[in-house]
Amino acid sequence: MDTILVTGGCGFIGSNFIRHVLQEQLVAKLINVDLLTYAGNPANLADFEDDERYVFYRADIADEEAINEILSTHQVDVLLNFAAESHVDRSIVDPQAFVRTNLVGTSTLLNAARKQNVPRYIQISTDEVYGSLSFDDPAFTEQTALNPRNPYSAAKAGGDMLVLAHEHTFGINACVTRCSNNYGPYQFPEKLIPLMLLNAMDGKPLPVYGTGENIRDWIHVEDHCRGIAAVLQHGQTGRVYHFGGDCELQNIDVVRRIIEAAGASEEQITYVKDRPGHDMRYAMNFEETTKELGWTPRISFEEGLAATAQWYRDNQSWWKPIVSGDYLEWIEQWYGERKGAA
Ligand code: NAD
Ligand code: DAU
């Protein structure tokens with residue numbers, strides 16, 4: 001079994017992926033490298049802190065010296081890059097942070113992985129790199145030209161291209177995964193579903209951007225993580241793997257279903273100013289992935305949303321410190337104690 005290095009493992013998808021591979025015993029050792037930005041929360045992995053297979057480093061993926069040191073300390077078989085600035089609205093306020101992590105950070109990881117002879121690299125990416133579809137366009141395929149339209153997706157597209165260029169130029173073993181909108185446990189409550197769930201439960205306004213007609217394809221994070229694990233086990237170099245939930249919904253429909261799941265009121269819906277450059281529709285064609293890896297999504301939106309609503313109801317001790325902002329102080333204290341003990 002392999003030693004894998006996961007970056008961004010304290011975030012939403014990274015922490016769900018770590019939980020998946022450790023619970024399923026798919027790896028011998030797992031090194032998590034995370035900067036612990038506002039989106040990285042060690043509480044997401046509290047149950048694995050004492051697991052002998054799990055090692056944590058606080059480091060920036062754009063810091064080549066730090067990455068080189070970690071890679072020279074451990075014999076890593078596969079590096080999976082989940083680390084990113086991930087929220088589109090923030091990228092409109094501060095594009096530079098997105099270029100640094102999503103583009104420069106990816107380049108730094110590739111360079112370090114090549115120098116340290118890491119045998120395989122997997123880049124976790126997004127359907128947003130293809131840009132926006134109109135209502136009757138066919139879904140994105142692996143051959144669709146990249147056409148990112150906001151600073152987040154532009155920086156992710158640049159990162160993907162660097163990965164594929166390194167595969168071509170230097171002959172490293174590398175591939176890219178692209179997925180649609182994830183939801184599920186441990187998602188930071190700035191994204192549509194957890195934000196609306198918490199506001200709905202609390203009787204607060206539900207801010208719908210523009211007309212609410214924009215379409216996203218929703219996939220439960222466990223389905224996505226199972227897909228990435230399949231790539232880890234059977235993925236081929238130079239490939240792009242698509243994952244999707246086969247569940248296209250207008251935002252307003254998602255919000256109405258959340259209202260139902262939370263027992264809230266339609267009167268809480270508040271239409272607000274649209275996101276600048278708001279992409280209209282994303283949709284993923286994942287037939288190639290199914291053919292090659294046998295992967296399909298298993299969790300229906302009804303089932304996944306009900307489970308997610310229940311998770312947020314049951315885990316107030318996770319999200320309350322996030323909503324109040326107290327978690328940032330807790331993280332520094334957690335990290336200080338950990339460093340002190342090392
Ligand atoms: P997230 O924002 O929840 O987590 C990002 C993690 O990366 C955090 O733990 C953060 O601390 C860490 N990080 C940020 N900058 C870093 C840096 N410079 N060095 C080291 N660590 C850093 O993001 P997410 O939603 O879990 O997304 C994970 C990956 O999946 C991203 O690459 C994203 O583009 C991709 N993706 C997300 C979705 C989605 O719906 N959330 C869909 C498809 C693809
Ligand atoms: O498609 C994959 C992408 O999905 C990932 O690459 C990104 O990391 C992830 O953040 C997500 O991007 P979106 O912009 O689609 O997700 P977000 O949850 O921010 O918004 C989903 C839709 O809901 C979008 O059309 C904007 C709208 N929205 C969002 C928020 C936060 C609202 O109407 N109101 C809101 O308050």
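Order of listing sets the numbers, starting from 1, for every ligand and every atom in it.
At a heavy-atom cutoff of 4.0 Å, ligand 2 is contacted by the side chain of N251 but not by its backbone. Proximity of L192 to ligand 2, defined as any heavy-atom pair under 4.0 Å, is shared by backbone and side chain alike. At a 4.0 Å heavy-atom cut-off, ligand 2 touches K191 through backbone and side chain alike. With a 4.0 Å heavy-atom cut-off, ligand 2 is reached by no atom of K156. Of all the heavy atoms of L195, the ones lying under 4.0 Å from any atom of ligand 2 belong exclusively to the side chain.
Protein heavy atom nearest atom 5 (C) of ligand 2, with residue, atom name and distance: Y152 OH, 3.5 Å. The nearest protein atom to atom 33 (O) of ligand 2, hydrogens excluded, is given as Y209 N, 2.9 Å; this is a heavy-atom distance.
A donor-acceptor contact shorter than 3.5 Å is absent between the side chain of R216 and the backbone of C247. A donor-acceptor pair under 3.5 Å is absent between the side-chain atoms of T106 and the main chain of G159, judged by distance alone.
Protein neighbours of ligand 1 below 4.0 Å, counting non-hydrogen atoms: G8, C10, G11, F12, I13, D34, L35, L36, T37, A39, G40, A59, D60, I61, F82, A83, A84, S86, T101, I124, S125, T126, Y152, K156, C179, S180, N181, N182.
A perpendicular orientation is assigned to the rings of Y38 and F188, their planes being inclined by more than 60° (bins at 30° and 60°). Ring orientation note: the planes of Y282 and F140 are tilted relative to one another, at an angle of 30° to 60°. Note on ring orientation: taking the six-membered ring where Trp is involved, the planes of F56 and Y335 are perpendicular (angle over 60°, cut-offs 30° and 60°).
The heavy atom nearest to atom 19 (O) of ligand 2, considering only E213, R275, E190, H278, is found in R275.
Classification of R120 and D77 as a salt-bridged pair fails, no side-chain N sitting under 4.0 Å from a carboxylate O.
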